[in-house]
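Let me begin by presenting the structure, written as structure tokens, before commenting on it.
Letters go in sequence order (proteins before strands), and every chain restarts at 1. Values in this document were obtained by computation on a predicted structure and should not be read as measured data.
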Amino acid sequence: MRTVKQLLEVSQSHRLFTVEPTATVIEVVKLLARENVGAVVVMEDSKLVGIVSERDVTKKIFLQGSNPAADRVDQIMTRDVITVSPAESTRGCLVLMTARNIRQLPVIEAGHVVGLISLRDIVKDIITAQDDTIAQLSRYING
Amino acid sequence: MKTVAELLRVKSMRPVVRVAPDDSVLEAIKVLAREDVGAAVAMEGDRLTGIFSERDYTRKVILQGRSSDSTRVREIMTASVICVPPTASIRDCMSLMVDKGIRHLPVRGGERVMSMVSIRDIVGDLVADHEFTISQLQNYINS
């Protein structure tokens with residue numbers, strides 16, 4: 001199975017969208033819609049401070065007096081971010097995502113965020129990689 | 001290759017999460033949160049009329065400045081629902097999800113909605129299934 005580094009080279013995962021903690025919820029929703037992604041990372045002075053997803057936004061509705069135009073990202077973001085290194089296998093990512101019930105994993109290399117891996121990126125990759133393997137093995141057998 | 005029906009048999013059988021098209025968006029979001037799912041089927045009696053997801057909420061309610069209290073599910077749900085029959089392979093479901101950019105597929109036998117599979121439900125299964133195929137082929141080669 002491939003590594004995160006390899007996945008970053010062939011998938012959309014290197015497209016990384018960031019917001020500042022002081023951005024409003026409505027700004028984040030606009031960004032998610034414009035780029036058609038499920039989450040963006042929250043950066044402060046080039047440091048990763050959180051991640052904010054559609055789920056975070058959806059849950060916010062239950063808070064008293066919530067107002068997407070005024071509420072700030074740092075009120076709803078997940079601060080305890082689970083990250084992976086480029087050397088991690090895509091399999092390891094799947095295990096993490098399943099165990100922690102998350103869909104996105106920021107990739108950290110030498111202290112910098114270099115990508116955001118989504119469940120969908122990995123699924124695409126698995127389909128492609130396994131097709132290749134099976135085709136190769138079948139060719140070998142059928143000779 | 002395993003079918004959806006077989007996957008549903010091994011998955012802890014849980015009734016499909018449903019909302020009514022005339023529910024308010026706020027009520028529907030509460031159902032998603034309570035059941036900890038990203039989407040629900042919108043049912044009028046036994047008839048499937050749409051699918052309602054977190055994404056519909058963030059894109060069509062927050063972004064368009066509608067009220068979650070007075071907006072009805074039917075106004076923002078996705079009415080043309082892509083379904084699969086119980087005989088569909090897991091692989092077909094994955095391809096549909098990747099191609100159409102969706103995370104949920106209602107499983108329909110005749111007019112009856114039997115269940116819903118999410119991208120998360122089938123990821124682990126797909127991996128295991130293909131590993132089995134690959135190890136079988138490798139055994140064949142080595143024997």
Open item on the list: If you count heavy-atom pairs within less than 4.5 Å of chain B, which of A:Val25, A:Ile26, A:Asn101 leads?
Closed with: A:Asn101
Task: Top contributor to chain A interface from B:Leu32, B:Ile102, B:Val61 [non-hydrogen pairs under 4.5 Å] - done: B:Ile102
Task: B:Arg59 vs A:Asn36 side-chain heavy atoms within contact, under 4.5 Å - done: yes
TODO: Report yes if some heavy atom in the side chain of A:Leu32 is under 4.5 Å from a heavy atom in the side chain of B:Thr58; otherwise report no.
DONE: no
TODO: Report yes if some heavy atom in the side chain of A:Arg55 is under 4.5 Å from a heavy atom in the side chain of B:Asp36; otherwise report no.
DONE: yes
- [ ] Measure from the side-chain N and O atoms of A:Arg103 to the backbone N and O of B:Arg120, and report whether any donor-acceptor pair falls under 3.5 Å.
- [x] no
Open item on the list: For B:Asp46, I'd like to know if atom CG has over 12 heavy atoms of other residues, nucleotides or ligands within 6.0 Å.
Closed with: no
Open item on the list: Looking at B:Glu75, I want to see if its CD is surrounded by more than 12 non-hydrogen atoms of other residues, nucleotides or ligands under 6.0 Å.
Closed with: yes
Open item on the list: For residues B:Ile119 and B:Ile82: do they belong to one hydrophobic cluster (side chain heavy atoms under 4.5 Å, members Ile, Leu, Val, Met, Phe, Trp, Tyr)?
Closed with: yes
- [ ] Determine, using the 4.5 Å side-chain heavy-atom cutoff (strictly less than), whether A:Leu8 and A:Ile82 are members of one ILVMFWY cluster.
- [x] yes
Open item on the list: According to a hydrophobic-cluster definition based on side-chain heavy atoms being under 4.5 Å apart (Ile, Leu, Val, Met, Phe, Trp, Tyr only), do B:Leu63 and A:Phe17 belong together?
Closed with: yes
